[in-house]
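The structure appears right after this line, and notes come after that.
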Amino acid sequence: MTFDSRLPGTNVDVWQRDGRLADVPALELSGIRRLVVVGAHPDDETLGAGALIAECAAAGIDVTVVVVTDGGASHPDSPSTTPEHLRRLRGTETLEAMRHLAPEAVVHSLDFPDGAVREHRDEIATALRVHLSGDDVLLAAPWRGDGHRDHRVLGEICASLADEAGVALLEYPVWLWHWAAPDDDEVPWDAFVALAPSRASLDAKRRAIGEYTSQTLALGDGPGDEAVLHPEFLRNFRGDREVYVGRRRAETVLDQSYFDALYRRHDDPWGFTSRWYERRKRAATLAALPEERFASAFEIGCSIGVLTEQLAGRCDSLLAVDVSQAAVDRARLRLAAQANVRVGRVDVASAFPSGDFDLIVLSEVGYYFTLGVLERVLDDAVDALSAGGTFVACHWRHQVDDYALTGDEVHSAIATALDGRMTRMVRHEEDDFLLDVYSPDPRSVAVRTGIL
């Protein structure tokens with residue numbers, strides 16, 4: 001996967017020759033009163049959704065464009081242009097681009113640092129939330145599967161806000177056309193929708209792209225001043241249609257049959273036993289536990305029992321459950337010698353076990369639930385915890401189309417559900433996963449163990 005748009009990337013003709021593009025369903029715009037387009041960087045909104053902006057403006061639909069970062073990092077090695085000058089220049093280019101696409105559009109530049117969307121996730125969400133009130137709003141945002149970190153994280157933020165506000169979400173790919181090929185597994189063919197804009201809108205988009213001279217032309221003659229956007233890369237955005245990812249994510253809880261099918265195909269579907277990533281994540285989870293030992297613990301979604309095996313050494317009694325009988329059977333074999341462990345097939349979405357647990361672990365499970373079901377499960381979990389019990393959650397952050405929620409949405413729901421009831425003692429955040437530890441006892445480990 002490459003994000004160097006100075007290189008040509010996948011030839012446009014390769015995409016055009018694939019017959020599936022011609023069969024992509026049409027995007028339906030009826031009923032929209034307001035379009036909000038969010039871009040990670042100045043020019044994303046034009047490349048990915050410029051024709052959509054022009055079509056909506058021509059139809060009398062109110063258009064708001066929000067550019068999240070200042071674009072100042074596009075030429076880090078430029079000998080002729082400072083980041084401050086680039087920030088000013090790219091802001092001006094956005095306004096000029098909108099003059100072609102939607103002269104009456106409201107444009108907001110949030111001016112967060114280029115390349116630091118993840119570091120400002122919460123502030124960006126707060127800034128965007130105010131633009132999503134009202135009825136019949138369509139939110140267009142970078143596709144979460146685009147690969148580029150800023151695009152992925154901003155896409156996740158916008159997907160979460162769209163669910164929160166109850167507005168329609170449309171995701172536009174930018175980098176996909178560059179690094180992927182039509183037969184790659186990452187291409188979401190079944191989720192694509194396409195807009196066939198008028199000739200006037202297509203012409204307006206081409207003129208708008210031309211306003212971004214800081215990206216399409218060289219800033220100077222020396223190394224570091226080369227044009228950022230290769231002409232072949234730009235051809236992806238000068239065709240006669242715009243393609244978006246439009247399918248809503250899963251609306252139902254994934255059931256036993258889904259997981260049993262996974263286990264029929266693979267003994268270890270997620271590589272729990274083979275991947276260093278998984279071993280390291282388990283080590284981080286175990287290290288984050290605030291107590292050395294727990295009297296009674298409950299693990300939701302134990303899979304084949306790899307984390308369970310390590311938790312068992314820290315618990316007097318451990319109940320581990322999974323919705324898949326195939327997973328339960330394999331976990332029982334793995335844990336047969338652990339007398340303190342019980343493994344059972346339980347669907348916590350419909351029958352949460354009663355108990356008085358000192359520890360509940362929700363690891364890589366929460367995004368299989370819809371938001372409403374997750375909130376119910378969290379309420380049941382808090383009720384099942386002992387007075388000083390610990391709740392641990394750990395989840396993958398990247399998009400999986402089958403899942404009802406993203407990892408970030410799961411942890412946001414957890415924070416909301418536990419607010420005022422428990423204190424978050426640990427927050428470990430990486431590009432790949434989130435790890436949170438909650439307890440009603442706010443004391444640190446040093447205080448708990450008498451060091452302080």
Side-chain angles (χ1 to χ4, degrees), residues 3 36-49 64-76 82-95 106-133 139-165 167 169 171-175 214-215 228 367 393-399 405-416 419 424 426-436:
F3 302 110
V36 179
V37 179
V38 179
H41 315 95
D43 74 10
D44 289 338
E45 81 297 322
T46 296
L47 294 173
T64 297
V65 173
V66 185
V67 180
V68 170
T69 75
D70 56 25
S74 68
H75 290 76
T82 66
E84 178 56 38
H85 178 73
L86 269 174
R87 286 192 284 269
R88 292 196 301 269
L89 177 58
R90 298 194 71 183
T92 299
E93 289 173 341
T94 300
L95 294 176
V106 178
V107 180
H108 299 274
S109 296
L110 301 185
D111 292 329
F112 285 96
D114 192 352
V117 172
R118 180 174 65 84
E119 290 77 6
H120 296 276
R121 181 187 294 264
D122 291 342
E123 301 99 307
I124 291 170
T126 298
L128 293 177
R129 185 175 285 112
V130 300
H131 298 293
L132 298 182
S133 61
L139 171 62
W143 177 47
R144 285 163 284 172
D146 219 21
H148 189 290
R149 190 181 78 164
D150 279 355
H151 288 210
R152 172 182 63 79
V153 176
L154 181 57
E156 292 170 353
I157 293 169
C158 289
S160 180
L161 291 175
D163 283 344
E164 176 187 307
V167 305
L169 175 67
E171 300 176 74
Y172 56 84
V174 173
W175 289 99
S214 69
Q215 309 300 294
V228 172
Y367 33 54
C394 183
H395 290 87
W396 175 252
R397 301 184 73 181
H398 302 291
Q399 180 196 6
L405 301 171
T406 66
D408 281 33
E409 290 168 340
V410 170
H411 283 249
S412 176
I414 291 169
T416 299
D419 184 37
R424 187 166 67 190
V426 176
R427 158 53 70 101
H428 179 83
E429 178 176 339
E430 300 187 9
D431 281 354
D432 299 322
F433 73 91
L434 285 175
L435 170 62
D436 286 330

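This structure is a prediction, so every number in the text was calculated from the model and none was measured. Counting begins at 1 with the first residue of the sequence.
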(request) Verify, without hydrogens or angle tests, whether Glu45 (side chain) and Val38 (backbone) share a donor-acceptor contact under 3.5 angstrom. (result) no
(message) For a 4.5 angstrom cut-off between non-hydrogen side-chain atoms, does Gln215 reach His75?
(response) yes
(message) Looking at every non-hydrogen atom in both residues, tell me the closest pair between Val228 and Ser74 and how far apart they are.
(response) CG2-O, 3.7 Å
(message) Would the distance check show the side chain of Asp146 and the main-chain N or O of Val174 forming a donor-acceptor pair, the cut-off being under 3.5 Å?
(response) yes
(message) Here's a test for you: under salt bridge (Lys or Arg N to Asp or Glu O under 4.0 Å), which of Asp114, Asp432, Asp431 qualifies with Arg149?
(response) Asp431
(message) Within this structure, what is the OG-CZ distance for the pair Ser214 and Arg87, rounded to the nearest 0.5 Å?
(response) 13.0 Å
(request) Could you tell me which non-hydrogen atom of Ser133 sits nearest to which non-hydrogen atom of Val130, and how far apart they are? (result) OG-O, 4.0 Å
(request) Could you list the residues that satisfy salt bridge (Lys or Arg N to Asp or Glu O under 4.0 Å) with Asp43, not counting sequence neighbours? (result) Arg90
(message) Between Leu128 and Ile124, is there a side-chain heavy-atom distance shorter than 4.5 Å?
(response) yes
(request) Under the salt bridge (Lys or Arg N to Asp or Glu O under 4.0 Å) rule, collect the residues that match up with Asp419, sequence neighbours excluded. (result) none
(request) Could you check if a side-chain atom of Leu110 sits within less than 4.5 angstrom of a side-chain atom of Val66, using non-hydrogen atoms only? (result) yes
(message) Return the OH to NE2 distance between Tyr367 and His395, rounded to the nearest 0.5 Å.
(response) 5.5 Å
(request) Can you tell me which residue pairs pass the salt bridge (charged side-chain N to carboxylate O under 4.0 Å, His left out) test with a partner in residues 150-160, sequence neighbours excluded? (result) Arg121-Glu156, Arg152-Glu156
(message) The criterion is salt bridge (Lys or Arg N to Asp or Glu O under 4.0 Å); which residues satisfy it with Arg427, sequence neighbours excluded?
(response) Glu429, Asp436
(request) State the OG1-NE2 distance between Thr94 and His108, to the nearest 0.5 angstrom. (result) 13.0 Å
(message) Evaluate Arg397 against Glu430 for salt bridge (charged side-chain N to carboxylate O under 4.0 Å, His left out), listing each step before the verdict.
(response) CA-CA 9 Å; Arg397 301 184 73 181; Glu430 300 187 9; over 6 Å; no
(request) Might you point out which heavy atoms bring Ala40 and Pro142 nearest each other, and give the distance in Å? (result) N-CG, 4.2 Å
(message) Looking at Glu171 and Arg144, would you say the former's side chain and the latter's main chain have a donor-acceptor pair under 3.5 Å?
(response) yes
(message) A side-chain contact here means heavy atoms from C-beta on lying under 4.5 Å apart; do Leu434 and Asp408 qualify?
(response) yes
(message) Which residues pass the ring-ring contact (aromatic ring centres under 6.0 Å, His included) test with His428, not counting sequence neighbours?
(response) Phe433
(request) Begin with the C-alpha distance, continue with both residues' side-chain angles, and end with the deciding distance and a verdict on side-chain contact (heavy atoms from CB on, under 4.5 Å) for Val410 and Ile414. (result) CA-CA 6 Å; Val410 170; Ile414 291 169; 3.9 Å; yes
(request) Over all heavy atoms of both residues, which pair between Pro113 and Asp70 is shortest? Give the atoms and the distance, please. (result) CA-OD2, 4.1 Å
(request) Indicate yes or no for a side-chain donor-acceptor contact from Thr69 to the backbone of Phe112 under 3.5 Å, with no hydrogens or angles considered. (result) no
(request) Quick one: do Asp44 and His151 satisfy side chain to side chain donor-acceptor pair (under 3.5 Å)? Show the steps, please. (result) CA-CA 9 Å; Asp44 289 338; His151 288 210; 3.2 Å; yes
(request) Measure the CG-CG distance between Leu169 and Leu161 for me, rounded to the nearest 0.5 Å. (result) 10.0 Å
(request) Kindly say whether the aromatic ring centers of His41 and His148 come within a distance under 6.0 Å. (result) yes
(message) Test of understanding: with side-chain contact (heavy atoms from CB on, under 4.5 Å), list the residues that count as partners of Ala165, not counting sequence neighbours.
(response) Leu132, Val167
(message) For Leu154 versus Gly39, what's the shortest heavy-atom pair and its separation?
(response) CD2-C, 3.6 Å
(message) Using every non-hydrogen atom in the two residues, find where Ala393 and His411 come nearest and quote the distance to one decimal.
(response) O-CE1, 3.3 Å
(message) Let me confirm one number: the CD-CD distance from Glu409 to Glu164, rounded to the nearest 0.5 Å.
(response) 10.0 Å
